[in-house]
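Each chain gets a letter, A, B and so on, in the order the sequences are listed, and its residues count up from 1.
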Amino acid sequence: MSSTPSALPSAAGARREIARLLRWNHRRSILLGVFGLLALLPIVYPSPYTIATVLFYIPWYLAMAQSWNISGGYSGQLSFGHWGLLGVGAYTSAILAVTYGWNLLAAMAMAAVVTFLLGLLIGFIGAALRGPYFTIATLASAALMQLILLNWKSLTLGSLGFPIFFIIVPPTDLYYGALALGAVATAMVYLISRSRIGLAFQAIRENEDVATATGIYARGYKALAFGLSASIMGPVGGLYAFASHYIDPTSAFNLLYNLQIILMVVVGGRGKVLGPLVAAVLFAWVFEVALTSFNVYNYLLTGVVIFVAVLLIPRGIFGFRGMPKLLQF
Amino acid sequence: MGFNPFLVALFGGLGVGSLYVVFALGMNLLIGVMRVINFTHGYLMLLGSYLTYFLWEWYGLNPLLSLLIVMPALFAVGVLFHFIMVQPVLKRRSFEDTTLLLTFAGLLIMDNLFVKFWTDNQRQVPTSYFNTPVIFSTPWGDAVLSQVVLIGAGLAAAAVIALGLFLRYTWTGRAMRAASQDLLAARLLGIPATRLYAISFGISGLLAGIAGVVVAMEFLFYPEFGFNYLLKAFGVIMMGGLGSLVGTIAGGLTLGVAESMTAWAYNGEYGTWANGAAYVAILVALAIRALLGKSR
C-alpha cells in the first residue's frame with residue numbers, strides 16, 4: 001500500500017493498487033461461493049413458472065440492494081430516489097427495444113448509461129446538501145421523473161402504460177441476466193470497499209469536512225458514488241420491464257422497491273459486502289414467497305423490520321461481537 | 001362583474017397555502033429544535049383527520065369542537081413518538097440518518113395500519129359551511145371561496161400567531177429557540193434536552209392535529225393523503241428555510257398559489273401537473289441552496 005497520501009495517485013501507485021485489487025483472498029471465495037449457489041437455483045427448481053415468479057427476483061433484488069449500498073452504505077448518501085431511476089431504466093429499455101427495435105442487451109446498456117448520467121447529475125448538484133436534505137432531494141427528483149414520464153404521452157403513452165408483449169424472454173435468461181447484474185453490482189461494491197475510491201467515499205461519509213481538509217474532492221466523489229449506484233438501476237429497470245411485459249408509470253415507479261432495498265442493506269449492514277448480499281437473498285425470498293407482491297403486509301413488514309434493525313442491529317446481521325471475522329466484510 | 005379566474009386561483013391558492021403553513025410548521029419546528037425530519041408527520045395529521053371523522057360519525061361532534069379533543073390527543077401521540085423514535089437513538093453519532101430511517105419506517109407502519117383498519121375509502125366530514133360560497137368583489141372582478149376554506153385559514157392564522165407568541169414569551173418557547181441556535185450552550189445553561197425534545201414533538205403533533213381537522217372538513221382524505229402532504233411540506237420547508245417560522249409562512253402560501261396557478265394554466269387538471277409544483281419547488285430551492293454553497 002502506498003505510504004504517502006496524495007490526492008492524485010501516481011502511475012506506480014495506480015499499478016500497485018490494481019495489483020492489490022487483483023490478488024485473490026478468502027473473501028472473494030466466499031462471494032464466489034454464494035453466487036455459485038445462486039447459479040444452481042434454476043437447476044434445482046427447473047419449473048419456468050417458479051423461475052419467472054420467484055427465483056428471478058432474488059438476484060434482481062440483490063442487484064438493487066448492492067446498488068443502494070454503494071451510495072447509501074459507502075458514501076453516506078441515503079437515497080430515496082432509486083425507485084425513480086428504476087422507472088427511468090424500465091422506460092428507457094422498453095422504448096429502445098420496442099419503438100426502436102434495439103437488441104435487449106444494448107437497450108439495457110443504454111439504460112445504464114442514462115441512469116448513470118442522471119445519477120451523476122443528482123449527485124453533483126446534491127453534493128452540497130448533507131444528510132436528510134440530500135434524501136429529500138432524491139425523493140423529489142424521483143417523483144418528478146415519474147411525473148414527467150406520465151405526462152410525456154408521445155413517448156410513453158402516459159397512464160395507459162407501455163406494452164412490451166412482443167418481446168418474450170425465457171425465464172432462465174432473465175434469471176441469469178439478473179444474476180450477472182447482481183454479480184457485477186457485488187463486484188463493484190467489493191472493489192469499492194477495497195480501493196482508494198472506497199476509502200474516499202467512507203471518509204466523506206464519516207466526516208465530510210475532515211475529508212475535504214485532507215484533499216478529497218468531496219463533490220466529485222459524491223457525484224461518482226451516486227452515478228455508479230444509479231448505473232446499476234438502469235438495467236435493473238430493463239429486466240423489470242422485460243420480465244413484466246407491460247409497464248405503466250405507477251407500476252414501474254414504485255417507492256416500495258426503494259424501501260425494500262433499504263431494508264436489505266440496513267439489515268445486512270450498511271457499507272458491508274456480504275451482509276447486504278445475504279440479507280437481499282433472504283428478504284427477496286420473504287417478499288416473493290412468504291408474501292406475494294403488493295400484499296399490504298409487505299409494507300408493514302418492511303417498516304417493522306427497518307425499525308427493529310435500526311434500533312437493535314446498527315452494524316447488520318454479521319456485525320455482532322461473536323461473529324467470525326471472516327464474515328465481517 | 002363576473003369572476004376573474006386569476007383571482008379565483010389566487011384566493012384558492014392562499015386558502016390551501018394556509019393549510020400547508022400549519023402542516024409544514026410542525027415539521028419545521030422539529031427540524032429547527034432537534035434536527036429530526038419527521039416522516040410520520042403526514043400520518044399524524046391524518047390521525048387528527050380520522051379522529052375528527054369518527055368523533056363526528058359516532059357522536060355527531062362538530063369538527064371545530066373536536067379540536068378540543070384532537071389537539072391534546074395529538075400532543076400525547078407526539079410525545080409518545082419522541083420516546084419511541086428519537087430518545088433511544090439520541091446518542092448515536094449518525095443521529096440524523098438514524099431518525100430518518102426510523103421515522104420512515106414509522107410512516108410505512110402507520111400507512112398500513114390506517115389502510116388495514118380504516119380502508120382506502122375516501123372520507124370527509126360534511127359541514128354546512130362546505131357548500132356556502134363567499135364572494136369577494138374587487139375592482140378586477142370577483143373571487144369565490146368556500147366558507148370552510150376561510151374557517152381553515154382562520155384556524156391556521158390563529159395557530160401560527162399562538163405558536164409565535166409561545167416561542168417568544170414562554171420559558172419553554174425560548175428554550176426551544178435557544179436549543180435550535182446552539183444545543184450545547186442551551187444544555188449548559190440548564191435546559192433539560194429530553195423534556196424539551198418531548199414537548200417539541202408534542203407541539204409538532206398538535207399542529208399536525210389542527211391541520212388534520214382542517215383537512216377533514218375541506219378534503220376527501222384517505223391514507224395516501226399523508227404521503228402527498230409530506231412531499232408538499234418538504235417543498236414549503238425547502239423554500240422557506242429550515243427552522244424558520246416566517247419562511248414557512250411565506251413558503252406555504254407560495255406553494256399553495258403556485259399549485260393553483262399551475263392547475264389553472266392547465267385547465268384545472270389538478271392532479272397531473274399541479275402536484276409537480278411541490279417537487280419543482282423542492283428541487284429549485286435545493287439547487288439554489290446547493291449553488292450558494294449552503295449545506296443546511
Can you tell which part of [X] gets under 4.5 Å to a heavy atom of chain A, answering side chain, backbone, both or neither?
X        : result
B:Ile37  : side chain
B:Leu101 : both
B:Phe227 : side chain
B:Met110 : neither

Aromatic rings B:Phe39 and A:Phe80: how do their planes relate, parallel, tilted or perpendicular, breaks at 30° and 60°?
tilted

With a 4.5 Å limit on heavy-atom distance, are the side chains of [X] and [Y] in contact?
X        : Y        : answer
A:Ile262 : B:Phe104 : no
A:Leu139 : B:Phe234 : yes
B:Asp97  : A:Thr135 : no

Against chain B, label [X] side chain, backbone, both or neither, depending on which of its atoms sit under 4.5 Å from a heavy atom there.
X        : result
A:Leu263 : neither
A:Ser159 : neither
A:Val266 : side chain

A:Arg315 atom CZ, over 12 foreign heavy atoms within 6.0 Å:
no

More than 12 foreign heavy atoms under 6.0 Å from CD of B:Glu224: is that the case here?
no

Partner chain A: residue of B:Leu108, B:Ile237, B:Asp111 with the largest heavy-atom pair count (under 4.5 Å):
B:Leu108

Quick one: pull up CG in B:Leu100 and CD1 in A:Ile136 and give me the separation to the nearest 0.5 Å.
8.0 Å

Quick check: closest heavy atoms across [X] and [Y], and the distance to 0.1 Å?
X        : Y        : result
B:Pro88  : A:Leu311 : CB-CD2, 3.9 Å
B:Ala105 : A:Gly303 : CB-O, 3.2 Å
A:Val310 : B:Arg92  : O-NH1, 3.0 Å

